[in-house]
Amino acid sequence: MQANHETISRIIECCKNDDDILEMLEQALESFQAYHAAIYKLEVQMKLFSHGGKDRDEYRSSIEELDKTRTINHNAVIANVTILNRIASRYDLPPFYNGVISEEKPYRRDIADAVLEYVETIIRNRI
């Protein structure tokens with residue numbers, strides 16, 4: 001499943017005068033970036049350890065904390081995808097994400113992959 005980029009543009013157009021909806025939209029989209037950053041930070045720390053850049057106790061503590069942060073951000077993404085789909089439905093727009101939204105595997109990973117693809121597309125297509 002992929003994220004529907006057009007739905008976000010259409011929500012913005014439909015709600016351009018609704019500050020509450022635009023604020024929810026902004027928070028949801030920023031949660032995607034926060035999740036992306038949490039994954040990246042965790043991966044960097046694991047690479048540093050694999051090359052002897054950190055001692056074992058420091059590594060374990062750091063990774064546990066970073067993984068907890070990543071999970072919290074992942075859960076926020078799942079909740080925000082639900083919110084985006086509800087907003088889209090309210091305006092008779094296609095859902096932002098048309099897959100199963102659940103914290104259960106494999107749906108968790110599917111949502112994450114769609115959101116990460118969305119973030120990467122935004123970055124790739126930047127001005």
Side-chain angles (χ1 to χ4, degrees):
M1 290 286 146
Q2 292 186 340
N4 187 334
H5 296 257
E6 182 63 24
T7 294
I8 298 301
S9 297
R10 292 181 65 193
I11 289 172
I12 293 168
E13 183 59 34
C14 290
C15 302
K16 62 185 172 193
N17 296 319
D18 188 330
D19 291 339
D20 292 334
I21 296 288
L22 292 176
E23 185 176 333
M24 281 191 289
L25 179 64
E26 181 179 10
Q27 289 174 355
L29 296 175
E30 286 179 356
S31 78
F32 297 175
Q33 186 278 330
Y35 178 58
H36 188 275
I39 292 169
Y40 184 77
K41 190 168 187 173
L42 177 60
E43 292 297 322
V44 166
Q45 291 300 310
M46 289 189 307
K47 281 191 186 312
L48 288 172
F49 177 75
S50 71
H51 293 290
K54 293 193 176 250
D55 73 47
R56 186 169 299 281
D57 290 337
E58 182 182 352
Y59 169 77
R60 186 175 300 123
S61 174
S62 176
I63 294 304
E64 286 174 4
E65 193 59 36
L66 290 170
D67 191 47
K68 181 192 286 184
T69 298
R70 183 201 51 78
T71 299
I72 289 168
N73 280 291
H74 194 165
N75 291 340
V77 161
I78 293 168
N80 283 318
V81 166
T82 300
I83 289 168
L84 291 174
N85 280 354
R86 284 185 186 147
I87 293 170
S89 177
R90 181 185 303 170
Y91 293 95
D92 295 319
L93 300 173
F96 170 73
Y97 178 76
N98 200 21
V100 175
I101 300 174
S102 171
E103 290 192 16
E104 301 300 317
K105 293 179 182 180
Y107 309 114
R108 253 183 108 69
R109 182 67 179 254
D110 294 343
I111 296 166
D113 289 346
V115 164
L116 293 172
E117 178 274 329
Y118 179 83
V119 170
E120 290 165 6
T121 299
I122 295 295
I123 292 168
R124 197 171 31 256
N125 295 332
R126 70 188 179 276
I127 298 175

Would one find more than 12 heavy atoms of other residues, nucleotides or ligands at under 6.0 Å from atom [atom1] of [X]?
X: D19; atom1: CG; result: no
X: Q2; atom1: CD; result: no
X: Y91; atom1: OH; result: yes

So if you build clusters from Ile, Leu, Val, Met, Phe, Trp, Tyr with side-chain heavy-atom gaps below 4.5 Å, do V119 and I12 land together?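 V119 and I12: one cluster.
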Hydrophobic clusters here meaning ILVMFWY residues chained together by side-chain heavy-atom distances under 4.5 Å, can you tell me if I122 and I111 are in one?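 Yes, I122 and I111 fall within the same hydrophobic cluster.
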Would you say that [X] contacts [Y] through its side chain, given a criterion of any heavy-atom pair below 4.5 Å between the two side chains?
X: V115; Y: N80; answer: no
X: K68; Y: E64; answer: no
X: R86; Y: R90; answer: no

Would you name the heavy atoms of [X] and [Y] that are closest together and state the gap between them?
X: P94; Y: A88; answer: O-CB, 3.4 Å
X: A38; Y: R70; answer: CB-CA, 3.9 Å
X: A34; Y: N73; answer: CB-OD1, 3.5 Å
X: Q45; Y: I63; answer: CB-CD1, 3.8 Å
X: F96; Y: V81; answer: CE2-CG2, 4.3 Å

Euclidean distance, [Y] [atom2] relative to [X] [atom1], rounded to 0.5 Å:
X: C14; Y: I21; atom1: SG; atom2: CD1; result: 10.5 Å
X: L22; Y: K16; atom1: CG; atom2: NZ; result: 10.5 Å
X: T71; Y: L66; atom1: OG1; atom2: CG; result: 11.0 Å
X: I78; Y: Y35; atom1: CD1; atom2: OH; result: 8.0 Å
X: E6; Y: I11; atom1: CD; atom2: CD1; result: 10.5 Å
X: S31; Y: H36; atom1: OG; atom2: NE2; result: 13.0 Å

Without swapping roles, check the side chain of [X] against the backbone of [Y] for a donor-acceptor pair under 3.5 Å.
X: R108; Y: K105; result: no
X: S61; Y: D57; result: no
X: T121; Y: E117; result: yes

Go through L116 and I39 one step at a time and tell me if the side chain to side chain contact (heavy atoms under 4.5 Å, CB included) criterion holds. CA-CA 10 Å; L116 293 172; I39 292 169; 3.8 Å; yes
Taking the six-membered ring for Trp, are F49 and Y59 parallel (under 30°), tilted (30 to 60°) or perpendicular (over 60°)?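 Correct class here is parallel.
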Between Y118 and F32, what is the ring plane arrangement, given parallel below 30°, perpendicular above 60°, and tilted in between?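 Rings of Y118 and F32: perpendicular, over 60°.
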For R109, what residues pass the salt bridge (charged side-chain N to carboxylate O under 4.0 Å, His left out) criterion, not counting sequence neighbours?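 In terms of salt bridge (charged side-chain N to carboxylate O under 4.0 Å, His left out), with neighbours along the sequence ignored, R109 is linked to D113.
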Just one of L84, T82, D110, N4 clears the side-chain contact (heavy atoms from CB on, under 4.5 Å) bar with Y97, so which one?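 Exactly one pass, corresponding to D110.
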